[in-house]
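The model shown is predicted, which means the values in this text are computed figures rather than measured ones. Letters go in sequence order (proteins before strands), and every chain restarts at 1.
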Amino acid sequence: MAAPIEAFRQALAQSAARGLELPEDLIPEIVSQMRTPDPGHGDLALPCFTLGKRAKKNPTDVAKQVVSYLADDPRWSAASAAGPYVNVRFSDEALKAAVVRAAREPTYGTNTVGQGRTTVIDFSAPNIAKPLAFHHLRSTVIGGAIARIHAACGYRTVGINYLGDWGKQFGLLATGFKRHGDPARRHDAKHLVEVYVKANQDADTATPRAIMDRPAEARALAERLKEAKVALASAATADEGKRSAKTVKSLESKLRTLRGVGENEDPTTDFDAFLSALEAAALAARPALESAEAYDREARLFLKRLEDGDEDALAEWREFRSTSIAEFERVYARMGIAFTYWEGEASYQSVLEETVQKVRMRPGTEMSEGAEIVALPRKPNEAPVLLKTRDGTTLYITRDIATAIDRYERFQFDRSLYVVGEAQSLHFEQLFRTLTAMGFDWVDRCQHVKFGRVHGMSTRRGQVVFLDEVLDEAVAKAREICEASARVDPGVLDDVVESIGIGAIVFGDLRNPRASDYRFDWAEVLDFSGHTGPYVQYTHARACSILRKAEGAPDEADLDRLTLDEERALILALARYPDAVIDSCNACEPSLLTRAVIEIAGAAAHYLTAGNKDRNKRVLTDDDAVRAARLQLVDALRQTLASGLALLGLKAPESM
RNA sequence: GCGGGCAUAGCUCAGUUGGAUAGAGCGCUGGCCUCCGAAGCCAGAGGCCGCAGGUUCGACUCCUGCUGCUCGCGCCA
């Protein structure tokens with residue numbers, strides 16, 4: 001299915017190139033120059049600055065010339081030069097012919113650019129023993145959308161959920177269960193999470209250790225503070241003084257942050273009292289550290305048993321693992337997420353040693369502070385790539401090297417995408433660099449599809465927020481509104497409110513460029529007005545409602561009867577949809593599609609509301625021929641919104 | 001300390017890879033339900049695009065410096 005706008009672009013570029021006697025291979029460049037102008041100017045604009053350079057002519061003259069080449073092409077209903085810009089307007093006939101019929105097909109927006117090619121997408125990736133939490137939302141939702149979009153573009157799409165199903169956290173859960181677990185609730189995933197949280201606290205060595213380090217840290221800071229104060233007193237210039245003052249201030253604030261609970265001494269006024277308070281706390285923390293270390297050892301021991309193939313330990317591991325997975329699947333189902341494969345660290349345990357060997361062969365390894373690192377050139381201050389700890393255990397980069405190689409061997413991918421937060425940029429940089437150094441030429445097909453953070457989600461008393469509960473809250477809000485409007489058949493109400501509530505969350509996450517951070521605000525999330533998921537769903541439901549009244553769109557209609565400005569704007573928005581699918585696929589950027597869908601819904605809302613004021617603009621008007629054409633357009637709208645929402649991971653209820 | 005990211009309307013954010021008069025949602029002001037769905041539509045007010053330079057036909061966009069916020073930085077993933 002050729003994308004309508006792209007066809008117009010190609011035609012314009014071709015006319016320009018031919019007319020100016022420029023080589024055909026400049027066409028992609030010309031196309032890339034094109035812009036969607038302010039609607040007052042036209043439907044498509046071509047700035048002629050670089051084109052002028054190519055033809056060695058004045059851009060204003062070039063624009064005039066290009067316009068003259070478009071004169072007898074029925075594709076354009078208007079073409080004009082505005083200074084160095086060419087503005088064209090698509091002829092209504094060409095536009096309608098290219099869009100309305102096509103958009104009524106469920107295949108509208110699909111294409112074949114990925115035909116015969118494979119994309120592997122690694123996304124979501126929760127840890128067994130931990131809950132599917134709010135912070136998994138982005139990877140899950142973005143990854144799911146990217147996977148569906150690739151499939152729509154004809155790629156063979158392999159979605160992999162790479163579980164954190166191995167490692168110390170598992171030992172913590174298993175050993176913690178003996179102390180805190182309720183045997184009757186062994187298969188209750190929520191209970192396992194509670195146990196895990198407690199076990200994690202039991203074995204927390206970092207906190208007591210930090211408390212014990214504080215006195216030394218405080219002394220060092222105090223020393224630096226003293227120096228900074230001297231520097232401040234003897235500062236020769238105003239600039240120097242400003243810098244020193246800043247240093248003093250920052251050191252003082254660092255000192256204050258060392259202050260724990262119950263220590264009210266101000267380090268800047270009475271340092272000795274402060275220090276002795278810290279020392280007392282450090283002393284008191286020793287037993288806590290010892291017990292935490294004991295629990296930690298116990299957990300590591302369990303992991304050792306697992307690695308040695310101890311059958312009892314493995315049986316327990318399998319049991320906990322499947323309990324967790326069942327819970328994950330329940331939540332994924334709510335969000336319409338599916339994976340081709342569920343894999344995990346555990347399945348790569350056996351190849352890790354072999355992987356380390358490969359790295360040792362090429363590019364080689366070095367020992368550093370007892371750990372084995374990859375021999376790679378490094379930027380100053382850059383952390384090395386640790387292959388093995390000083391205890392000889394491997395780290396996650398080792399596993400990622402192994403999985404990357406394995407995935408290439410299994411799927412011969414053309415793209416391998418890792419939908420992981422931006423915070424792990426360094427890790428992926430190093431992973432790809434290591435793979436390159438190992439001699440794999442397919443590394444450039446791998447991409448870290450990074451996304452920004454979500455700020456401001458209250459972590460209720462420091463605990464993680466269950467994704468499930470976030471969804472529930474939005475669904476509850478949707479129920480409230482739906483019950484008030486009483487428009488939905490009670491038999492499907494549960495499904496409908498589920499679609500709307502979850503849709504609001506998913507759509508909200510996909511609305512902005514994935515790399516941007518965003519602020520999570522409950523008031524905003526639960527407000528379904530404005531350009532939200534429910535807004536698009538609502539528009540879809542309106543279209544469905546009209547089609548219901550008319551008992552469907554007729555098979556035949558004369559599209560020339562679509563003459564309203566509102567109709568043209570809607571058709572134009574529909575026309576841009578297939579390009580949005582391709583663009584969002586190429587850039588792995590679902591927000592491009594989200595925006596296109598919002599544009600369509602906006603144009604549709606405008607059109608459908610115009611009928612309130614002016615009866616002649618109603619879809620269900622008296623003139624049969626007009627009514628037939630309009631019904632086809634509304635059907636195209638309905639279909640396109642449904643397809644777009646589906647690609648983004650939203651359901652499209654027929655009433656709400 | 002080193003490295004990355006961000007700074008645009010009161011708030012939350014877009015800005016099509018350097019193009020025309022910088023947009024949207026929320027909030028605010030005013031209008032529209034004898035109903036093709038008001039979860040909607042229309043109109044309006046609201047901007048030193050953080051600051052200072054530079055690059056060129058042209059800069060919110062690219063470069064340099066500064067300020068502020070944020071994230072990451074060896075044996076966790």
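The salt bridge (Lys or Arg N to Asp or Glu O under 4.0 Å) test with Glu566(A) singles out one residue from Lys613(A), Lys617(A), Arg618(A), and that residue is Lys617(A).
Checking C32(B), A39(B), G15(B) against the side-chain heavy atoms of Lys613(A) singles out C32(B) as nearest.
Residue-nucleotide stacking is not present for His531(A) and A24(B), judged by a side-chain ring centre under 5.5 Å from the six-membered base ring centre and planes under 30° apart. Ring stacking holds between Phe49(A) and G19(B), with the centres under 5.5 Å apart and the planes within 30 degrees of each other.
Going from atom CG of Leu637(A) over to atom P of G37(B) covers 13 Å, rounded to whole Å. Rounded to whole angstrom, the span from the CD atom of Glu589(A) across to the P atom of A14(B) amounts to 10 Å. The CG-P distance, from Asp521(A) to G25(B), rounds to 18 Å in whole Å. Put simply, CD on Gln537(A) is 13 Å from P on G40(B), counting in whole angstrom units. Rounded to whole Å, atom P of G3(B) lies 23 Å from atom CZ of Phe428(A). One interatomic measurement links the two molecules: OH of Tyr535(A) to P of G37(B), which rounds to 16 Å at whole-angstrom precision. Atom-to-atom, CZ of Phe451(A) to C1' of C6(B) comes out at 18 Å; the value is rounded to the nearest Å. The interatomic distance linking His606(A) (NE2) with G37(B) (C1') rounds to 17 Å, in whole Å.
Comparing the same atom, P, in C62(B) and in A20(B) gives a spacing of 16 Å after rounding to whole Å. Rounded to whole Å, the separation between the P atoms of A52(B) and A59(B) comes to 16 Å. Comparing A14(B) with C35(B), their P atoms sit 41 Å apart, to the nearest whole Å. Distance noted for atom P between A7(B) and A43(B): 29 Å (whole Å). Rounded to whole Å, the separation between the P atoms of C63(B) and C73(B) comes to 26 Å. The gap from the C1' atom of G19(B) to that of G25(B) amounts to 27 Å, rounded to the nearest Å. Taking atom P on both A22(B) and C26(B), the two are 22 Å apart, rounded to the nearest angstrom. Between the P atoms of C28(B) and C66(B), the separation comes to 43 Å (whole Å).
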For nucleotides 34-36 of chain B, list the nitrogen or oxygen atoms of the protein found under 3.5 Å from its nitrogen or oxygen atoms, one pair per line.
| from | atom 1 | to | atom 2 | distance (Å) |
| --- | --- | --- | --- | --- |
| C36(B) | OP1 | Asn612(A) | OD1 | 2.6 |
| C36(B) | OP1 | Arg618(A) | NH2 | 3.1 |
| C36(B) | OP2 | Arg618(A) | NH1 | 2.7 |
| C36(B) | OP2 | Arg618(A) | NH2 | 2.8 |
| C36(B) | O3' | Lys549(A) | NZ | 3.1 |
| C36(B) | O2' | Lys549(A) | NZ | 3.4 |
| C36(B) | N3 | Val619(A) | N | 3.2 |
| C36(B) | N4 | Leu608(A) | O | 2.8 |
| C36(B) | N4 | Gly611(A) | N | 3.4 |

(request) Summarise how protein sits on nucleotides 71-77 of chain B as a single string, 5' to 3': B when a protein heavy atom is under 4.0 Å from the base, S for sugar-phosphate-only contact, - for no contact. (result) SSSBBSB
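In this view, Thr403(A) and Tyr162(A), Tyr348(A), Asp400(A), Arg407(A) satisfy the side chain to side chain contact (heavy atoms under 4.5 Å, CB included) rule, not counting sequence neighbours. Shown here are the salt bridge (charged side-chain N to carboxylate O under 4.0 Å, His left out) partners of Arg209(A), two or more places apart in sequence or in another chain: Glu293(A). Not counting sequence neighbours, Lys477(A) has no partner by the side-chain hydrogen bond (donor to acceptor under 3.5 Å, both in side chains) test. In terms of the side chain to side chain contact (heavy atoms under 4.5 Å, CB included) criterion, residue partners of Arg321(A) (sequence neighbours excluded) are, by chain and number, Ile128(A), Leu163(A), Asp165(A), Trp317(A), Ile325(A).
With a glycosidic angle no more than 90° from 0, C33(B) adopts the syn conformation. Base orientation for U55(B): anti, the chi torsion being more than 90° from 0.
Applying the side chain to side chain donor-acceptor pair (under 3.5 Å) test to residues at least two apart or on different chains, the pairs with a partner in residues 578-594 of chain A are Glu589(A)-Ser591(A). Counting only residues at least two apart or in different chains, salt bridge (Lys or Arg N to Asp or Glu O under 4.0 Å) contacts with residues 379-398 of chain A comprise Glu353(A)-Lys388(A), Lys379(A)-Glu429(A), Glu382(A)-Arg433(A). Within the structure, the side chain to side chain donor-acceptor pair (under 3.5 Å) test picks out the following pairs touching residues 479-489 of chain A (sequence neighbours left out): Arg479(A)-Asp494(A).
Aromatic rings from Phe428(A) and Tyr418(A) are positioned such that their centres are separated by under 6.0 Å.
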Just distance, no hydrogens or angles: give the donor-acceptor pairs under 3.5 Å from side chains in residues 544-552 of chain A, sequence neighbours left out.
| from | atom 1 | to | atom 2 | distance (Å) |
| --- | --- | --- | --- | --- |
| Arg548(A) | NH1 | Glu654(A) | O | 3.2 |

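Between Asp296(A) and Lys168(A), at least one side-chain N (NZ, or NE/NH1/NH2) sits under 4.0 Å from a carboxylate O, which counts as a salt bridge. A salt bridge does not link Asp509(A) with Arg514(A): every distance from a Lys NZ or Arg NE/NH1/NH2 to an Asp or Glu carboxylate oxygen is 4.0 Å or more.
Side-chain nitrogen and oxygen atoms of Arg542(A) include at least one within less than 4.0 Å of the OP1 or OP2 phosphate oxygen of A38(B).
Here Ala45(A) lies in heavy-atom contact (under 4.0 Å) with a base. Nucleic acid contact class of Ser655(A) (heavy atoms, under 4.0 Å, all strands): base. Residue contacts for Asn87(A): at a heavy-atom cut-off of 4.0 Å it reaches a base atom on one of the strands shown.
Residues from residues 509-517 of chain A that place a heavy atom under 4.0 Å from any atom of RNA chain B, listed by number: Asn512(A), Pro513(A), Ser516(A).
Contact annotation: the side chain of Leu386(A) never approaches that of Glu372(A) to less than 4.5 Å [non-hydrogen atoms, C-beta and beyond]. Side-chain contact between Leu633(A) and Leu570(A) is present, with heavy atoms from C-beta onward closer than 4.5 Å.
Between the side chain of Arg487(A) and the base of G37(B) there is at least one donor-acceptor pair of N/O atoms closer than 3.5 Å.
With the nearest nucleotide of RNA chain B identified for both Ile500(A) and Thr36(A), Thr36(A) has the one nearer the 5' end.
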(request) Verify salt bridge (Lys or Arg N to Asp or Glu O under 4.0 Å) between Glu6(A) and Arg9(A), making sure each step is shown before the conclusion. (result) CA-CA 5 Å; Glu6(A) 184 57 25; Arg9(A) 281 203 197 95; 3.0 Å; yes
(request) Take Lys651(A) and Asp495(A), measure what salt bridge (Lys or Arg N to Asp or Glu O under 4.0 Å) needs, and give me the verdict at the end. (result) CA-CA 10 Å; Lys651(A) 294 209 177 94; Asp495(A) 286 344; over 6 Å; no
(request) Could you provide the dot-bracket string of RNA chain B, using ( ) for intrastrand pairs, [ ] for crossing pairs and | for bases paired to another strand, with Watson-Crick or G-U pairs below 3.5 Å? (result) (((((((..((((.....[...)))).(((((.......))))).....(((((..]....))))))))))))....
